[in-house]
Structure formats: C-alpha cells, structure tokens
Amino acid sequence: GRYAFHRCKGLTSVTIPNSVTSIGDQAFMDCKGLTSVTIGNSVTEIGFQVFQGCIRLTSVVIPNSVTSIGESAFYHCSYLTSVTIPNSVTSIGEGAFEGTGWYYEWYNNQPDGIVYIGKVVYKYKGQMPSSSAIVIKEGTVYICDGAFKDCKGLTSVTIGNSVTEIG
C-alpha cells in the first residue's frame with residue numbers, strides 16, 4: 001500500500017515476488033540507500049512516485065507484465081542509468097524518469113528530440129527548433145502527459161491511427 005516502506009533509508013535491496021500484482025503509490029519513496037530492485041513477473045502497475053528519490057538506485061528491469069508506470073515513479077533517482085522497459089508498457093505518467101541519469105545529458109543516454117519508451121511517446125527532450133513538424137511513429141499507442149509541454153516551435157503534429165490515448 002501507500003508509503004509502505006517510505007523513507008526506509010537503511011533499505012538497500014528489494015525483491016518483489018511474483019505474487020504481487022501492484023506496487024502502491026510512494027511505497028519506496030525516498031529510500032535513499034536502495035541500490036537494487038527486482039520486480040516480480042506478476043506486477044502490472046508501478047504506481048505514483050513509487051521509487052521517487054531513491055538516489056542510489058542504478059538500474060531497473062521492468063518485467064513484461066507491467067502495463068503502466070505512474071507519474072514521477074522514478075523521479076530524482078539520480079544514479080539510475082540503466083532502464084529496461086518492455087513493449088507491454090502502454091502508459092507512463094508525466095515525469096516518471098525526470099532527474100535520472102538515464103534521461104538526462106550527463107549520462108548522454110537519450111538524444112534530443114522525441115523520446116520513445118517502447119510504444120509510448122514519453123517527452124520531447126531539448127530545445128525544439130522553430131516551425132517544427134512532428135510525425136508520431138507508427139505503432140505508438142500513448143502520448144504521455146506533458147510530452148510536448150513548452151515546445152514553442154511546434155507548428156504541426158501528425159498522429160497515426162495506432163495512438164489510442166493522449167495524456
């Protein structure tokens with residue numbers, strides 16, 4: 001449930017068994033010592049701010065059973081540089097990976113432009129040139145909340161028939 005292990009600063013490792021289907025909102029928020037997480041194959045949802053502020057977490061593998069990642073789920077996990085997200089994920093909340101090494105330039109993992117996570121448009125990264133026209137790639141099913149927020153140069157967007165939801 002909510003806040004189940006909130007601020008357990010001495011917690012370094014978590015193994016979520018296959019019997020768990022959902023990780024509650026803010027369950028591991030601010031567990032600053034957490035370095036390792038194993039998520040079981042029955043988890044379908046990672047809730048709001050679940051791992052927010054777990055600054056020592058370096059990698060995460062999301063299992064194929066997960067379909068949604070909540071808003072700010074990994075926000076400010078500064079050392080999170082390795083993220084594996086399957087195509088089963090069809091919904092990602094705004095800011096889910098903000099403040100991570102995986103997303104930001106200091107690790108140089110994600111180039112500027114549209115950042116796709118599987119079938120999801122996560123966000124436009126960097127400064128958008130003026131008079132920009134964007135074509136969302138075929139197979140995309142979801143456009144995240146805030147994906148094109150403050151993209152002042154955007155003049156045209158083409159959204160294909162595969163998109164079923166716009167955040």
Looking at every non-hydrogen atom in both residues, tell me the closest pair between Pro86 and Pro63 and how far apart they are. CG-O, 3.3 Å

Side-chain donor-acceptor pairs under 3.5 Å in residues 42-60, sequence neighbours left out?
{"unit_1": "Ser42", "atom_1": "OG", "unit_2": "Asn18", "atom_2": "O", "d": "2.5"}
{"unit_1": "Thr44", "atom_1": "OG1", "unit_2": "Thr21", "atom_2": "O", "d": "3.3"}
{"unit_1": "Gln49", "atom_1": "OE1", "unit_2": "Gln26", "atom_2": "NE2", "d": "2.6"}
{"unit_1": "Gln49", "atom_1": "NE2", "unit_2": "Gln52", "atom_2": "OE1", "d": "2.9"}
{"unit_1": "Arg56", "atom_1": "NH1", "unit_2": "Lys32", "atom_2": "O", "d": "2.9"}

With side chains defined as the heavy atoms from C-beta onward, is the minimum distance between Asp112 and Gln127 less than 4.5 Å? no

Ion pair Glu94/Lys123, N-O distance below 4.0 Å: no

Would you say the side chain of Ile159 lies within less than 4.5 Å of the side chain of Ile143, judging by non-hydrogen atoms? yes

Out of curiosity, Cys77 SG to Tyr75 OH, how far, rounded to the nearest 0.5 Å? 11.0 Å

Between the CD atom in Glu98 and the OG atom in Ser72, the distance rounded to the nearest 0.5 Å is 8.0 Å

Are Tyr122 and Tyr103, when compared by the centres of their aromatic rings, separated by less than 6.0 Å? yes

Would you say the side chain of Ile134 lies within less than 4.5 Å of the side chain of Tyr124, judging by non-hydrogen atoms? yes

Side-chain heavy atoms of Tyr142 within contact of Val89, under 4.5 Å: no

Could you walk me through whether Ile16 and Thr38 satisfy the side-chain contact (heavy atoms from CB on, under 4.5 Å) test, starting with their C-alpha distance in whole Å, then the side-chain angles of each, then the deciding distance to 0.1 Å, before giving a yes or no? CA-CA 6 Å; Ile16 299 166; Thr38 302; over 6 Å; no

Keeping Thr35 on the side-chain end and Thr12 on the backbone end, is there a donor-acceptor pair under 3.5 Å? yes

Do Val115 and Phe97 make a side-chain contact, defined as non-hydrogen atoms from C-beta onward lying under 4.5 Å apart? no

May I ask you to test the Ile114-Val121 pair for a side-chain heavy-atom distance under 4.5 Å? yes

At their closest point, which heavy atom of Ile136 faces which heavy atom of Val157, and how far apart are they? CG1-CG1, 4.4 Å

Is it the case that atom CZ in Phe148 sees more than 12 heavy atoms from other parts of the structure closer than 6.0 Å? yes

Check Val135 against Tyr116 and note the closest heavy-atom contact, atom names and distance. O-OH, 4.0 Å

If only atom types and distance count, is the side chain of Ser88 paired as donor or acceptor with the main-chain N or O of Asn64 below 3.5 Å? yes

Leu154 side, atom CG; Met128 side, atom CE - distance, nearest 0.5 Å: 4.5 Å

Heavy-atom count around His6 NE2 within 6.0 Å, excluding the residue itself: above 12? yes

Look up atom OH in Tyr79 and atom OG1 in Thr100, then write down how far apart they are to the nearest 0.5 Å. 13.0 Å

Is any side-chain heavy atom of Thr140 closer than 4.5 Å to one of Lys119? no

Starting from Phe74, can I reach Ile92 by hopping between I/L/V/M/F/W/Y residues whose side chains sit under 4.5 Å apart? yes

Connected via hydrophobic side-chain network under 4.5 Å: Ile69 and Met29: no

